[in-house]
A.B. asks: 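Sending over a structure as structure tokens; questions will come in a sec.
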Amino acid sequence: MPTEALSITTEAGHVLEGSLELPTGLVRGAALFAHCFTCTKNSKAAVTVARALAQEGIATLRFDFTGLGGSEGEFGRAGFATDVSDLVDAARKLVERFGGPILMVGHSLGGAAVLAAADDLGSDHVAAIATIGAPSDVPHVLENIDGDLNAVRAGEDTTVTIGGREFSLSKEFLDKVESADLLAEVARIRKPLMFLHSPTDQIVGIEHAGALFQAAKHPKSFVSLEGADHLLVKKADARFAATVIAGWAQRYLPLRDDWPMPEDGVVVKTGHGKFGTEVHTKAHRFIADEPRSYGGDDTGPTPYDLLNAALGTCTAMTMKMYADRKQWPLDGVTVEVRHERQHAEECDHVEAMEQGKQLQALHRTITIEGNGLDDDQRHKLLEIADKCPVHRTLEGELHVHTAMQE
């Protein structure tokens, strides 16, 4: 998906580094993702969930908390309260740009942080909240710290290890973590909540999801991430969580249509990627793009894919319609279409062309399925393929008239 670098200046004066995942087409809503304890915005869960939401038209910001990744400040002095404050600042920036309310998503301690931030943001800014592997008590994260926490509480200059990385923690950090009452925060929330958790999570046990669910008010949902680990290291697990959240969010996040569907033909509008465009028909919408090898984001079929598809789909529909009318035992049709730009170089039957025109070709291969069809029926169906409306349009005298809309 198209990604935009975004900076957030906190009330404390620190600049946080963020990445805004944008839909290839139109933005219909916004979401904020909070990463796990000592992770960064580039964790697998953060990237996968943010991009899955962007595919649904939801611009999603993932950012580094204070003192982590590319963000300014000291992690060892920040603590949970600072994470919550960072989220509030980031959420307000999103609302300022895209309007609200927004979806809040958090992973592990980031999940606890979005739950705690909901009350500070207010009901006008929050549409719904989803958490992945979140603890029900914030001090639980201290169990993942390898070091002398009593020395930290005594104010001594002590280095600890978290997830294999060394940090210098302050007494203030521990005080902020130990004073958080998350279940009381959850009980106050009056927004839709979804808790995703793995029953085999070895870092934050499944009982935490049960406690959060029990404290929450309806509407609330629980999704079991069976077989997943805490960090969603497997791409399939992260993708499943992302897909579930994206589908669930559409019920609660007010998605807007920035422009109407056309009464006739198609309407195409540029999006946020280099080539990505959103296409509207009378009843459908989809994305067209170019592959990464051409500088695109590969979020949809290319223009020539759509051209090939127009001929292929019209061919298959026309053949099936004819067989149905004749009541022939046609089981199915497979049509493969390939576009050739320099057709004149590949054949010796080309007549003289008008000056400046390029001869191109579409190569179509058709597989007719149906053991009950005889040879005459198969040959007749092949003849019918050449009579499909798109085929006739492409081989006819086609003119394109262009006008500028005033």
Side-chain angles (χ1 to χ4, degrees), residues 1-11 15-35 41 46-65 71 84-107 110 113-115 117-131 189 191-194 242-243 245-261 267 269-274 276-280 285-287 289 297 299-300:
M1 308 301 295
T3 305
E4 174 187 320
L6 189 68
S7 297
I8 305 107
T9 302
T10 69
E11 287 190 358
V15 177
L16 309 181
E17 184 179 275
S19 295
L20 181 64
E21 299 293 346
L22 289 163
T24 303
L26 302 179
V27 173
R28 295 187 172 83
L32 181 61
F33 187 94
H35 62 71
K41 67 180 182 300
V47 173
T48 303
V49 173
R51 290 180 177 173
L53 289 170
Q55 287 181 334
E56 301 299 325
I58 303 170
T60 305
L61 174 63
R62 49 188 174 90
F63 72 98
D64 294 326
F65 282 120
S71 292
V84 173
S85 179
D86 288 349
L87 278 167
V88 172
D89 291 331
R92 286 175 177 161
K93 190 175 184 72
L94 273 183
V95 171
E96 180 183 335
R97 176 165 173 177
F98 298 110
I102 66 173
L103 170 68
M104 305 282 285
V105 184
H107 181 202
V114 297
L115 292 169
D119 192 46
D120 293 340
L121 275 170
S123 60
D124 291 342
H125 288 350
V126 179
I129 303 169
T131 68
I189 296 174
K191 292 294 179 180
L193 293 165
M194 171 182 274
T243 303
I245 293 171
W248 171 80
Q250 293 191 44
R251 184 174 184 85
Y252 302 107
L253 184 64
L255 300 181
R256 57 185 180 271
D257 288 323
D258 291 41
W259 44 287
M261 310 294 257
V267 178
K269 190 168 183 175
T270 53
H272 296 91
K274 184 176 180 180
T277 57
E278 182 160 327
V279 184
H280 284 195
R285 64 166 62 94
F286 58 92
I287 296 296
D289 204 346
D297 294 294
T299 56

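Side-chain atoms are counted along with the backbone in the values below, which use heavy atoms only and exclude waters and symmetry mates.
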A.B. asks: Checking Asp86 now: which residues fulfil salt bridge (charged side-chain N to carboxylate O under 4.0 Å, His left out) with it, not counting sequence neighbours?
C.D. replies: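 So Asp86 forms no salt bridge (charged side-chain N to carboxylate O under 4.0 Å, His left out) with any residue.
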A.B. asks: Enter the distance from Thr48:OG1 to Ile245:CD1 here, rounded to the nearest 0.5 Å.
C.D. replies: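 Here the interatomic distance stands at 11.0 Å.
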A.B. asks: So Glu21 and Leu53, do their side chains get closer than 4.5 Å, heavy atoms only?
C.D. replies: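 Side-chain contact under 4.5 Å: no.
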A.B. asks: Rounded to the nearest 0.5 Å, how far apart are CG of Leu61 and CZ of Phe98?
C.D. replies: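 Reported value, rounded in 0.5 Å steps: 9.0 Å.
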A.B. asks: Please give me the minimum heavy-atom distance between Ala59 and Leu22, naming the atom from each residue.
C.D. replies: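 Looking at all heavy atoms of both residues, the closest pair is CB-CD2, 3.9 Å.
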A.B. asks: Which pair of heavy atoms, one from Ala127 and one from Tyr252, lies closest together, and at what distance?
C.D. replies: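 Looking at all heavy atoms of both residues, the closest pair is CB-O, 3.9 Å.
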A.B. asks: To the nearest 0.5 angstrom, please state how far the CZ atom of Arg251 sits from the CE atom of Met194.
C.D. replies: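 Reported value, rounded in 0.5 Å steps: 11.5 Å.
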A.B. asks: Measuring only between side-chain heavy atoms, which start at C-beta, is Thr131 closer than 4.5 Å to Met104?
C.D. replies: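 No; the side chains remain at least 4.5 Å from each other.
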A.B. asks: Test side chain to side chain contact (heavy atoms under 4.5 Å, CB included) on Arg92 and Leu121 and set out the steps.
C.D. replies: CA-CA 8 Å; Arg92 286 175 177 161; Leu121 275 170; 4.1 Å; yes
A.B. asks: Quick one: are Ile58 and Pro23 in side-chain contact, heavy atoms under 4.5 Å?
C.D. replies: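 SC-SC contact between Ile58 and Pro23 ruled out.
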A.B. asks: I'd like to know if the side chain of Ser71 and the backbone of Asp64 have a donor-acceptor N/O pair within less than 3.5 Å.
C.D. replies: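 Present.
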A.B. asks: Between Val84 and Ala113, which heavy-atom pair has the shortest distance, and what is it?
C.D. replies: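 The answer is CG2-O, 4.0 Å.
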A.B. asks: Look at the side chain of His125 and the backbone N and O of Asp120, then say whether any donor-acceptor pair between them is shorter than 3.5 Å.
C.D. replies: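 Not at all, since once roles are kept as given, no pair shorter than 3.5 Å links the two residues.
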A.B. asks: Could you tell me the separation between the CG atom of Leu32 and the CG atom of Leu103, rounded to the nearest 0.5 Å?
C.D. replies: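 Going from CG on Leu32 over to CG on Leu103, the span is 9.0 Å.
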A.B. asks: Give the minimum heavy-atom separation between Pro101 and Asp124, together with the two atoms involved.
C.D. replies: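 Residues Pro101 and Asp124, closest heavy atoms: CB-O, 3.4 Å.
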A.B. asks: Please name the pair of heavy atoms, one in Ala52 and one in Ala242, separated by the smallest distance, quoted to 0.1 Å.
C.D. replies: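 Nearest heavy atoms, Ala52 then Ala242: CB-CB, 3.4 Å.
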A.B. asks: Between the side chains of Asp89 and Thr10, does any donor sit under 3.5 Å from an acceptor?
C.D. replies: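 Thr10 and Asp89 do not have a side-chain donor-acceptor pair below 3.5 Å.
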A.B. asks: List the atom of Gly276, the atom of Thr24, and the distance in Å for their closest heavy-atom pair.
C.D. replies: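 Minimum heavy-atom contact is CA-CG2, 3.2 Å.
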A.B. asks: Side chains of Val114 and Phe33: does their closest heavy-atom pair fall under 4.5 Å?
C.D. replies: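 No, every pair of side-chain atoms sits at 4.5 Å or beyond.
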A.B. asks: Would you sort out whether Thr60 and Val49 count as a side chain to side chain contact (heavy atoms under 4.5 Å, CB included), showing the intermediate values?
C.D. replies: CA-CA 9 Å; Thr60 305; Val49 173; 6.0 Å; no
A.B. asks: To the nearest 0.5 angstrom, please state how far the CG atom of Leu20 sits from the NZ atom of Lys93.
C.D. replies: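 Taking CG in Leu20 and NZ in Lys93, the distance rounds to 10.5 Å.
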A.B. asks: Is there a side-chain contact between Leu193 and Leu115 (heavy atoms, below 4.5 Å)?
C.D. replies: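 A side-chain contact exists here, since the closest heavy-atom pair is under 4.5 Å.
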A.B. asks: Under the 3.5 angstrom rule, does the side chain of Arg62 hit a backbone N or O of Lys41 as a donor-acceptor pair?
C.D. replies: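 Pair found, side chain donor or acceptor close to backbone of Lys41.
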A.B. asks: How many angstroms lie between atom NE2 of His35 and atom NE2 of His107, to the nearest 0.5 angstrom?
C.D. replies: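 If we round to the nearest 0.5 Å, His35:NE2 and His107:NE2 are 11.5 Å apart.
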A.B. asks: Are the charged groups of Lys269 and Glu278 less than 4.0 angstrom apart, N to O?
C.D. replies: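 Glu278 and Lys269: not salt-bridged.
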